[in-house]
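Any value given below was found using the heavy atoms of this structure, including those in side chains, with hydrogens, waters and symmetry copies removed.
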Amino acid sequence: MSVFDTEMTEELNLLLKFPDDSLHQGLKIHHDASQSMVSAASRLYAKGVITQPDGGYLTDLGVDIAEQLRRIQAALSTKFN
């Protein structure tokens, strides 16, 4: 059984930072960002999820992942009595 490891969690958290209201908005990882965020961006770029190693835009694959991720986040954030 697989689990979300630390690196994957960092990647998922970074994907949630991308704007969800427009595909024409990207994200820039600045030089003073945490090393974990810089590394997560680099890994996402290598996987073809984002267009630049320091952010850029979501690729088609990235858009699909981010949409699903937001659905999962919303479902898991639902509070039940």
Does the side chain of E67 come within less than 4.5 Å of R70's, by heavy atoms?
-> no

Taken to the nearest 0.5 Å, the spacing of D20 CG from Q25 CD works out to 9.5 Å

Looking only at atom types and distance, does a side-chain atom of T59 sit under 3.5 Å from a main-chain N or O of T51, one as donor and one as acceptor?
-> no

Is it true that a side-chain atom of S42 and a backbone atom of V38 form a donor plus acceptor pair closer than 3.5 Å?
-> no

Hey, quick one: are L61 and Y57 part of the same hydrophobic cluster, counting side-chain heavy atoms closer than 4.5 Å, chains of contacts allowed?
-> no

Heavy atoms of other groups near D60 CG, more than 12 under 6.0 Å | no

Please report the closest heavy-atom contact between G55 and A41, naming both atoms and the distance.
-> N-CB, 4.4 Å

Does anything in residues 37-58 pair up under salt bridge (charged side-chain N to carboxylate O under 4.0 Å, His left out), and if so which pairs, sequence neighbours excluded?
-> E7-R43, E10-R43, E11-R43, E11-K47, K28-D54

Side chain to side chain contact (heavy atoms under 4.5 Å, CB included) with F18: of V63, L69, I50, only one passes, and it is I50

CE-CG distance between M37 and L14, expressed to the nearest 0.5 angstrom = 6.0 Å

Listed partners of P53 passing side-chain contact (heavy atoms from CB on, under 4.5 Å), at least two apart | Y45

Linking Ile, Leu, Val, Met, Phe, Trp and Tyr through side-chain heavy atoms less than 4.5 Å apart, which residues share a cluster with L76?
-> I72

With rounding to the nearest 0.5 Å, note down the distance linking CG in L58 to CG in L15.
-> 6.5 Å

